[in-house]
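See structure below.
What you see is a predicted model; the values in this text were computed from it and never measured.
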Amino acid sequence: MKIRLKNSIEKKILRAFAITLVIVIVTCLALTYCNAYVSELQRCRTYGRSAAYMTREILDEVGLSELENPANDRLYRETRARLRSICIAFNLTYLYVYTVDNKEVRHYVQVVAFDEEKEKIVEEERGLGSTSDEPLDLQELAALRGDENATEDVQNTRFGRESSWITPYLDEKGEVVALIGADIGMDVRNASIVRQFVTVLIPTVMMLSLAFAILYIITKRKVIKPLLAISACMEMFDPERENEPILLQSEDEIQRIADSFNKMSVDIRTYIQHIETITAEQENDRAQLEIARRIQYGIVPAVFYRFEGGVDAGGLMRSAKEVGGDFYDFFMLRDGRCCALVGDVSGKGVAGALFMAVTRFLIRERLMQYEDPAAVLNSVNDELCEHNPEGMFVTAFALILDPETGNVQYANAGHTPPALMRLGDAADCSLDSGIA
């Protein structure tokens, strides 16, 4: 069973992996570029400094003053060839030597270029004796003060952007007599940065992508597939039949979830079976109580009864539960008098109904034998107290009416006081004696 959800965990994990991979790659790009830039800057500084040191050794060998002499054309060209070989060896765009006078005017001694075309141009425009009155930059001013820690200075020329390193050339007295400059084109630097960047980036991206792919495969195998299996079993769970348990061998939190579901499945089936058993028992109990209710209602008179002498009697009982402890009765004694009985047993249910049946039977039988209701109730009370392990009690009211004389004899055993009602008059609750 294959479940595809719009917001599934698999999609969320895949999205998280993709976002994390992009962030890591972008971070690697930035760090790689910074490292490549710093590395290239250090390389260019080293090349510029090394070229300056080698140029300084050549100047010491041939002498700066000899190079400045126009008559030494052969020495000038030999030196120029040596400087250009240094320029080409260190991949410099330009390598040059010049002096600065008191008016801060540059006087070029030697200028060579890496490129043939640029070499012809500088040979014509920056030959021996050519000058430049452009303002000196901070790097040149520091070099004129004898600072040998050459720093980068990026300049815009007609040939493009150039990175320059200026180194002072000192005479035997330690005075600055000339400046040695080394230029590297920014396009050359950028190309080298890109090469380093790509060289480091491609393996890094491949390794990161492979690592994330492996991590995703492991996550899908160890997390997604077990969760989908558990979800499928939950979808097919049927409490009415035996379900196949989820079998995993991960021995981790997923396994605990599967074990919990397996246990829950067994518990649910057991609980349902228990509920069905209890429901069947309750139905049986209700049926038994219904039978008891009908029996109880059959004990008390269910219709109006007319006694001799024009006396009518009737009653209605409705228990709060299926059976209860309330009861009433009316019947005729042997001498023609009418007898009525009302009672209420403590408690409800079957116990109250049983106690009610026993009480009614005892009172009825004794009223058929004796004429004094009070004596009957006292006698029944004694017998009930003797055989009453649960300590139940009953209140009762017994009444005997003589239809011929209209006399009423009654006794009240803790029951609600009786009321006498005459047609057209209010109820009279003043019956406080045994005869009315």
Side-chain angles (χ1 to χ4, degrees), residues 34-60 64 67-68 79-80 82-115 118-119 121-123 125-193:
C34 291
N35 290 334
Y37 179 84
V38 172
S39 176
E40 181 62 18
L41 181 63
Q42 182 64 33
R43 186 187 69 83
C44 292
R45 181 182 293 114
T46 301
Y47 282 7
R49 185 175 298 168
S50 299
Y53 288 160
M54 295 181 68
T55 301
R56 182 183 299 174
E57 292 178 357
I58 294 175
L59 293 178
D60 290 339
L64 180 62
L67 286 178
E68 291 179 321
T79 304
R80 182 180 184 85
R82 295 175 64 182
L83 292 180
R84 189 158 187 265
S85 63
I86 295 174
C87 181
I88 295 174
F90 289 103
N91 201 25
L92 304 177
T93 306
Y94 300 103
L95 179 62
Y96 45 92
V97 180
Y98 63 96
T99 60
V100 180
D101 59 18
N102 295 332
K103 296 182 180 180
E104 296 187 351
V105 176
R106 301 179 186 84
H107 297 268
Y108 290 97
V109 179
Q110 286 274 14
V111 179
V112 295
F114 178 90
D115 185 77
K118 293 179 180 179
E119 171 66 11
I121 295 175
V122 297
E123 187 176 6
E125 297 182 0
R126 288 289 184 264
L128 181 62
S130 60
T131 60
S132 174
D133 55 0
E134 295 180 3
L136 300 177
D137 55 34
L138 296 177
Q139 188 183 23
E140 291 175 311
L141 294 175
L144 288 173
R145 293 191 298 268
D147 187 2
E148 295 190 6
N149 296 321
T151 58
E152 181 187 26
D153 180 29
V154 180
Q155 298 179 348
N156 292 319
T157 67
R158 63 174 179 168
F159 300 107
R161 291 174 60 82
E162 308 286 345
S163 295
S164 302
W165 280 268
I166 306 298
T167 305
Y169 175 68
L170 309 178
D171 60 6
E172 296 177 354
K173 298 179 181 180
E175 296 179 355
V176 179
V177 295
L179 299 179
I180 301 173
D183 292 353
I184 299 178
M186 292 297 293
D187 54 344
V188 177
R189 279 187 54 189
N190 292 336
S192 178
I193 292 174

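- Residues Leu141 and Glu104 form a side-chain contact, since some pair of their non-hydrogen atoms from C-beta on lies under 4.5 Å apart.
- Of all non-hydrogen atoms in Phe90 and Tyr47, the two that sit nearest each other are O-CD2, 3.2 Å.
- Side-chain contact check for Phe114 versus Arg84: every heavy-atom pair is 4.5 Å or farther apart.
- Contact check for Glu119 versus Arg80: side-chain heavy atoms found under the 4.5 Å cut-off.
- With sequence neighbours excluded, the residues that form a salt bridge (Lys or Arg N to Asp or Glu O under 4.0 Å) with Arg82 are Glu61.
- When all heavy atoms of Cys87 and Ala113 are compared, the closest pair comes out as SG-C, 3.9 Å.
- The shortest distance between side-chain heavy atoms of Ile86 and Ile58 falls below 4.5 Å.
- Contact check for Trp165 versus Ile184: side-chain heavy atoms found under the 4.5 Å cut-off.
- Side-chain contact between Val112 and Val122 is absent, with no heavy atoms from C-beta onward closer than 4.5 Å.
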I would like to know whether Arg56 and Thr167 meet side chain to side chain contact (heavy atoms under 4.5 Å, CB included); could you show each step before the answer?
CA-CA 9 Å; Arg56 182 183 299 174; Thr167 305; 3.2 Å; yes
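- Under the 3.5 Å distance criterion, with hydrogens and angles disregarded, a donor-acceptor pair is assigned to the side chains of Glu140 and Tyr98.
- Minimum interatomic distance between Leu83 and Gln110 (heavy atoms only, all atoms of both residues): CD1-CB, 3.7 Å.
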With a cut-off of 3.5 Å and sequence neighbours excluded, list every side-chain donor-acceptor pair involving residues 126-136.
unit_1 : atom_1 : unit_2 : atom_2 : d
Ser130 : OG     : Gly127 : O      : 2.7

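- The two residues Ala52 and Ile180 come nearest to each other via the heavy atoms O-CD1, 3.7 Å.
- Taking the side-chain contact (heavy atoms from CB on, under 4.5 Å) definition, one finds that Asp101 meets it with Lys103, Val105, His107, sequence neighbours left out.
- Residues satisfying the side-chain contact (heavy atoms from CB on, under 4.5 Å) test with Glu68, not counting sequence neighbours, are Leu64, Thr99, Val109.
- Rounding to the nearest 0.5 Å places CG of Leu170 at 11.5 Å from CG of Leu59.
- Residue Val100 is tested with Val177, Val176, Leu179 for a side-chain contact (heavy atoms from CB on, under 4.5 Å); the sole match is Leu179.
- Evaluation of the side-chain contact (heavy atoms from CB on, under 4.5 Å) rule for Ala182 yields Leu92, Leu95 as partners, not counting sequence neighbours.
- Annotation: side chain to side chain donor-acceptor pair (under 3.5 Å) contacts involving residues 168-179, sequence neighbours excluded, comprise Asp60-Tyr169.
- There is no side-chain donor-acceptor pair under 3.5 Å between Asp183 and Thr93.
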